[in-house]
Amino acid sequence: MTSVIPEASTATPNPTDQRTSSSPVLSRTFTVTAKDTREELSFVCMPGCIIDHQRIDCGSPTTPAEVCCWTETNGDVSLPIDEAGFDKRVLCARIEVVPFAASMPGRLPHAQVEIVEDHYIEDLDPDALGVVITVLSERLTALRRTHADLVRVRAEYIERVRIEADVDQILAAITTPAAGVQA
């Protein structure tokens with residue numbers, strides 16, 4: 001399975017810009033071509049998404065399940081995890097949606113939290129433990145911001161998808177002749 005490597009889009013405002021903007025953010029809808037069936041599939045991009053879908057997903061046929069939207073991470077913080085002093089990222093999160101996911105939960109905005117599992121920070125003196133506590137406290141604050149963003153983005157996304165569905169139904173009703181009426 002090929003992985004899609006996301007790259008930031010200069011056309012997409014970052015999540016902070018979208019939170020502080022007073023103007024409504026327009027819905028971005030994209031169409032991709034399924035690699036295996038050549039079927040054209042449309043999706044609504046998630047608010048705050050940093051992926052350049054036009055370049056990455058729409059430029060050539062793709063595997064629909066690999067199309068995803070995601071926000072910037074809530075920051076990169078690292079701690080020395082082992083005796084060699086190698087730093088590892090801890091408690092980083094982002095919001096993601098996979099429009100063509102096999103399961104419905106993946107199709108709604110959800111958080112991806114990067115946790116360093118099965119690694120221990122050992123032999124901490126009181127000062128070092130204080131540093132770890134400070135860093136983890138800062139990461140907890142960042143996770144709380146991500147949670148608030150997730151609640152907001154999920155509500156906006158569901159509303160955008162609902163509006164898109166309503167527009168599609170209205171257009172279908174307008175362009176479909178009524179029974180007994182000749183065109």
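- The residues Arg94 and Glu96 are annotated as salt-bridged, a charged nitrogen and a carboxylate oxygen being separated by less than 4.0 angstrom.
- The minimum heavy-atom distance between Cys58 and Gln54, with the atom names listed, is CB-O, 3.6 Å.
- Leu108 is not connected to Val98 by any chain of hydrophobic side-chain contacts under 4.5 Å among Ile, Leu, Val, Met, Phe, Trp and Tyr, and they are in different clusters.
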Working for side-chain contact (heavy atoms from CB on, under 4.5 Å), residues Leu79 and Val135 = CA-CA 8 Å; Leu79 289 171; Val135 167; 4.0 Å; yes
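- A distance of 11.5 Å separates CD1 of Ile95 from CD1 of Ile50, quoted to the nearest 0.5 Å.
- Looking only at distances, a side-chain donor or acceptor of Thr134 sits under 3.5 Å from a matching main-chain atom of Gly130.
- Sorted by first then second residue, the side-chain hydrogen bond (donor to acceptor under 3.5 Å, both in side chains) pairs that include residues 39-48, not counting sequence neighbours, are Thr31-Ser42.
- Membership of an apolar cluster is not assigned to Val151, as no side-chain contact below 4.5 Å to another ILVMFWY residue is traced.
- Of the listed residues (Asp149, Thr141, Thr146), just one forms a side-chain hydrogen bond (donor to acceptor under 3.5 Å, both in side chains) with Asn74, and that residue is Thr146.
- Nearest approach of Pro109 to Val97, heavy atoms of both residues: N-CG2, 3.7 Å.
- Atom NZ in Lys35 sits 6.5 Å away from atom CD in Glu66 (nearest 0.5 Å).
- At least one donor-acceptor pair under 3.5 Å links the side chain of Arg139 to the backbone N or O of Gly75.
- The shortest heavy-atom contact between Cys69 and Ile51 is CA-CG1, 4.2 Å.
- For the atom pair CG (Leu41) and OG1 (Thr33), the distance works out to 8.0 Å, reported to the nearest 0.5 Å.
- Within the model, atoms CD of Gln112 and CH2 of Trp70 stand 8.5 Å from one another, a figure rounded to the nearest 0.5 Å.
- Here the CZ atom belonging to Arg28 is positioned 8.0 Å from the CZ atom belonging to Phe43, to the nearest 0.5 angstrom.
- In this structure, CZ in Phe100 is found 8.5 Å from CZ in Arg107, a value given to the nearest 0.5 Å.
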task = Just do the side-chain contact (heavy atoms from CB on, under 4.5 Å) check on Arg160 and Val44 with the steps written out, would you?
result = CA-CA 7 Å; Arg160 285 182 184 182; Val44 175; 4.0 Å; yes
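- Within a 6.0 Å sphere centred on NE2 of His147, heavy atoms belonging to other residues, nucleotides or ligands number 12 at most.
- Nearest heavy atom pair, residue Arg38 against residue Pro61, reads NH1-CG, 2.9 Å.
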